[in-house]
Amino acid sequence: MAQHLLPNLKTRDSLRGYLKGLALEIGVRSLTDPQFAEELDRRDELAKFRDEFHVPVISELLSEDEIAGGVDPQEKCVYLNGCSLGLQPKETQKLVDDELEKWRKRGIRGHYLGEHPWYPIEDDVVATSANLVGAMPLEVAIMNSLTVNVHLGLAAFYKPTTERFKILMESEPFPSDKYAVESQIRWHGLDPLTTILYACPREGEKNLAH
């Protein structure tokens, strides 16, 4: 049975103490030792899912001039860009091809026929999505894109007054999300330049911190 990587650790100190104890158990002196990271991967109950994704090799991502010396171009990369475009699941191509085949053979009837009819397609993921966010299935709606939902959320809840009208957002959001916020602001007769407060990383840093 896979061992859970982390128990219920609620503070930074408790996490650090747990990891140091684990390092002693493994027999390494430093938490930055590659052997420690490899052992954490072996104990991670989610590690098995790595094999379900296509992981690009370095030569597929970078040109020869961009690859640092001593790096094996055929080594799989460390891919951290999961919030924008994650790795492609190995099942993706077959699943997409199946729907394209259905479209070719059945046209508009694909909305109602086949293993995954298009018209009620969101029903397939309502239960798992509800579990993900800790809600009941009847409280979850699968709909639209993030940008469309930004529009709908602001249309429903953004009610600016003369004293409360500012919107706080990251300094470099996804472009269409920024356009959505700006359009909602203009819809209320306000100026985005004086309404949006941009949160920027500290000087010399790339990530936002409180």
Side-chain angles (χ1 to χ4, degrees), residues 1-9 15 34-64 66-68 71-153 170 172-180 206-208:
M1 181 178 295
Q3 176 179 342
H4 288 278
L5 174 58
L6 297 176
N8 186 19
L9 303 172
L15 175 58
Q35 183 182 344
F36 182 63
E38 291 168 1
E39 180 62 24
L40 291 182
D41 280 345
R42 279 192 288 271
R43 294 176 180 233
D44 188 350
E45 61 183 4
L46 299 179
K48 61 185 178 182
F49 292 106
R50 176 184 173 86
D51 292 334
E52 296 185 15
F53 294 84
H54 291 294
V55 182
V57 299
I58 293 173
S59 63
E60 294 173 332
L61 296 176
L62 303 175
S63 66
E64 291 184 10
E66 294 175 309
I67 299 176
V71 174
D72 181 1
Q74 298 309 310
E75 183 179 349
K76 290 185 177 181
C77 72
V78 177
Y79 196 89
L80 301 177
N81 196 17
C83 62
S84 177
L85 184 64
L87 294 173
Q88 184 186 117
K90 292 179 179 178
E91 284 190 290
T92 297
Q93 184 167 348
K94 179 184 181 303
L95 293 173
V96 172
D97 286 345
D98 288 346
E99 298 310 308
L100 291 174
E101 179 75 1
K102 182 168 67 174
W103 181 17
R104 181 177 70 83
K105 290 183 175 180
R106 295 176 173 174
I108 196 171
R109 293 287 290 166
H111 282 298
Y112 310 101
L113 300 176
E115 184 178 357
H116 301 288
W118 302 328
Y119 182 75
I121 192 66
E122 70 277 4
D123 292 346
D124 290 349
V125 294
V126 165
T128 52
S129 299
N131 184 58
L132 180 65
V133 299
M136 298 178 63
L138 59 83
E139 298 173 315
V140 174
I142 310 300
M143 54 189 290
N144 306 315
S145 66
L146 175 59
T147 299
V148 173
N149 287 334
V150 168
H151 266 298
L152 296 177
E170 59 182 311
E172 296 184 4
F174 201 74
S176 60
D177 295 341
K178 182 183 180 210
Y179 302 151
K206 296 182 178 181
N207 300 318
L208 293 174

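As a basis for the values below, the full set of heavy atoms in this structure was taken, side chains included, without hydrogen atoms, waters or symmetry mates. Count residues from 1 along the sequence.
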### Query
Is atom CD of Gln93 surrounded by more than 12 heavy atoms (other residues, nucleotides or ligands) closer than 6.0 Å?
no

### Message
Applying the side chain to side chain contact (heavy atoms under 4.5 Å, CB included) criterion to Leu87, which one of Val55, Thr92, Asn81 satisfies it?
### Response
Val55

### Task
Decide if atom CZ of Phe36 counts as having more than 12 heavy atoms of other residues, nucleotides or ligands within a radius under 6.0 Å.
yes

### Message
Using the side chain to side chain donor-acceptor pair (under 3.5 Å) criterion, which residues pair with Asp123? Sequence neighbours excluded.
### Response
none

### More than 12 heavy atoms from other groups under 6.0 Å of CG on Leu138
yes

### For His54, ring pair (Phe, Tyr, Trp, His ring centres under 6.0 Å) partners two or more places apart
none

### Task
Would you please name every residue forming a side chain to side chain contact (heavy atoms under 4.5 Å, CB included) with Val150, sequence neighbours left out?
Leu146, Leu154, Asp177, Ala180, Val181

### Query
In chain order, what residues pass the side chain to side chain contact (heavy atoms under 4.5 Å, CB included) check against Leu61, with sequence neighbours excluded?
Pro56, Cys77

### Task
Kindly write out the residues that satisfy ring pair (Phe, Tyr, Trp, His ring centres under 6.0 Å) with Trp103, not counting sequence neighbours, or none if the list is empty.
none

### Task
List the atom of Arg42, the atom of Glu39, and the distance in Å for their closest heavy-atom pair.
NH2-OE1, 2.9 Å

### Query
Looking only at heavy atoms, which two atoms of Leu85 and Tyr79 are closest? And how far apart?
O-OH, 2.7 Å

### Derivation and outcome, side-chain contact (heavy atoms from CB on, under 4.5 Å), residues Asp41 and Arg50
CA-CA 10 Å; Asp41 280 345; Arg50 176 184 173 86; over 6 Å; no

### Task
Would you please name every residue forming a salt bridge (Lys or Arg N to Asp or Glu O under 4.0 Å) with Lys76, sequence neighbours left out?
none

### Query
Could you state the interatomic distance from CG (Leu100) to CG (Leu95), rounded to the nearest 0.5 Å?
11.0 Å

#### Entry: Set of residues satisfying side chain to side chain contact (heavy atoms under 4.5 Å, CB included) with respect to Asp72, sequence neighbours excluded
Gln74, Glu75

### Query
Which residue pairs pass the side-chain hydrogen bond (donor to acceptor under 3.5 Å, both in side chains) test when at least one of the two sits in residues 125-144, sequence neighbours left out?
Asn144-Asn149

### Query
What pairs with Gln35 under side chain to side chain donor-acceptor pair (under 3.5 Å), at least two apart in sequence or on another chain?
none

### Message
Please enumerate all residues that pass salt bridge (Lys or Arg N to Asp or Glu O under 4.0 Å) together with Arg106, with sequence neighbours excluded.
### Response
none

### Message
To the closest 0.5 Å, what do you measure between NZ (Lys105) and CG (Leu113)?
### Response
13.0 Å

### Summary
Shortest non-hydrogen pair, Phe49 vs Phe53, comes out as O-CD1, 3.1 Å

### Query
Which pairs count as salt bridge (charged side-chain N to carboxylate O under 4.0 Å, His left out) when at least one residue sits in residues 83-100, sequence neighbours excluded?
Lys94-Asp98, Glu99-Lys102

### Message
What's the separation between atom CD1 in Ile142 and atom CG in Asp124, rounded to the nearest 0.5 Å?
### Response
10.5 Å

#### Entry: Heavy-atom closest contact (Thr147 atom, Ser176 atom, distance)
OG1-OG, 2.7 Å

#### Entry: Test side chain to side chain donor-acceptor pair (under 3.5 Å) applied to Glu66 - qualifying residues, sequence neighbours left out
Ser63

### Task
Return the orientation label for the Trp118 and His111 ring planes: parallel under 30°, perpendicular over 60°, tilted otherwise.
perpendicular

### Message
What I'd like to find out is whether the side chain of Pro89 reaches to under 4.5 Å of the side chain of Glu52, using heavy atoms alone.
### Response
no

